[in-house]
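Structure first, commentary second.
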Amino acid sequence: MKIFIDGKFCDESEAKISVFDHGLLYGDGVFEGIRAYHGRVFKLKEHIDRLFYSAKAILLELPMSHAALMAATVETCRQSGITDGYIRLVVTRGVGTLGLNPNRCKNPSVIIIADKIQVYPKELYDRGMDIVTVPTVRNLHSAVNPAIKSLNYLNNILAKIEANNAGVEEAVMLNSEGYVAEGTADNIFIVRNGALCTPPLAAGALYGITRQTVIELAEAAGRKVTEPNLTRYDLFNADECFLTGTGAELIPVVKIDGRVIGTGQPGPITRQLVQNYHALTKTVGEPIYP
Ligand code: PMP
């Protein structure tokens, strides 16, 4: 495996950054999680676009152009021999002094790792997942805006711990008004009477690239997709439910807070979308080995 750090490729054992990096000291930075399928980097442009939006929101000037970041991501996959895998692209505020002033950090660092990921156990993709809503609410827009994919994931990690404590793999986070926001690292969809609903991004969700892909796939298949505010009641009474994310892909949900969803099995529309999603990953993406 070769890791990209600030323009150079190095071995895993040499891939090190300073303890004075504000990404480590304060979670000051942004990142992307990207997938490669069948020798292509899936939705790479969309991920780099979002990285720029996140960086803009935290006043972090990326030290590389959009084109250079795309090329470096593909090259990292090539150097690591990846055809199917998961890419983590991190931009930290860089080395600074103790004290959180970002003006003391002169050079942001860019790190790209191309490896593997298995977010949830394989059998849950067939059987469906049991999830719970948790007490930790999603960050407010007026605090750390949930649309920013920042290195500050403690809000989500606290929710994940609460899910783990409840004996399940994933949490549904509500916002401060009690509306459904998203999972700890995935967006949520429900199916009702053949149509899909997913919370509006304003409810406190990341602008998920998988979410957008699924909306497009569902609409192409003639399904209606709406983005209403959803409550726990709406989740409990859905016919089907699933989560979406680059790492998680599409995973069916069959129980929420002890309520069985639909038949208790992954539903037909969810299964069809999973198939359509995997079919899409075979045909689109930046080629790694042209
Ligand atoms: N919400 C959060 C909080 C996330 O971290 C992620 C990414 N893992 C998602 C949703 C899903 O976004 P995407 O489909 O772009 O990976």
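This structure is a prediction, so every number in the text was calculated from the model and none was measured. This chain uses plain numbering: 1 for the first residue, then up along the sequence. In each ligand, atom 1 is the first atom listed, and ligand 1 is the first ligand listed.
Residue contact check: T246 has heavy atoms under 4.0 Å from atoms 13 (P), 14 (O), 15 (O), 16 (O) of ligand 1. Listed by number with element, the atoms of ligand 1 under 4.0 angstrom from any heavy atom of T184 are 3 (C). When each atom of ligand 1 is checked for a heavy atom of E182 under 4.0 Å away, the hits are 1 (N), 2 (C), 3 (C), 10 (C). Proximity to G208 (heavy-atom distance under 4.0 Å) selects the following atoms of ligand 1: 12 (O), 13 (P), 14 (O), 15 (O). Ligand 1 places these atoms under 4.0 Å from at least one heavy atom of G245: 11 (C), 14 (O), 16 (O). Within ligand 1, the atoms closer than 4.0 Å to a non-hydrogen atom of K149 are 4 (C), 5 (O), 6 (C), 7 (C), 8 (N), numbered from 1 in the order shown. Annotation for ligand 1: atoms under 4.0 Å from non-hydrogen atoms of R50 are 12 (O), 13 (P), 15 (O).
Atom CG of L280 sits about 11.5 Å away from atom CG of L273, to the nearest 0.5 Å.
With respect to atom 6 (C) of ligand 1, the closest heavy atom belonging to the protein is A185 O, 3.2 Å.
One N or O on the side chain of R259 and one on the backbone of D257 form a donor-acceptor pair closer than 3.5 Å. Although no hydrogens or angles enter the test, the distance criterion places a donor-acceptor pair under 3.5 Å between the side chain of N155 and the main chain of N139. A donor-acceptor pair is defined here as one N or O able to donate and one able to accept, closer than 3.5 Å; such a pair exists between the side chain of E162 and the backbone of T136.
There is a side-chain donor-acceptor pair under 3.5 Å between E170 and T184. S18 and D21 are not linked by any side-chain donor-acceptor pair at a separation below 3.5 angstrom, with hydrogens and angles left out of the test.
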Practice task
Give the C-alpha distance, both sets of side-chain angles, the deciding distance and a yes or no for ring pair (Phe, Tyr, Trp, His ring centres under 6.0 Å) between Y277 and F242.
Solution key: CA-CA 13 Å; Y277 185 76; F242 60 92; over 10 Å; no
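Within the 4.0 Å heavy-atom cutoff, T213 does not count among the residues contacting ligand 1.
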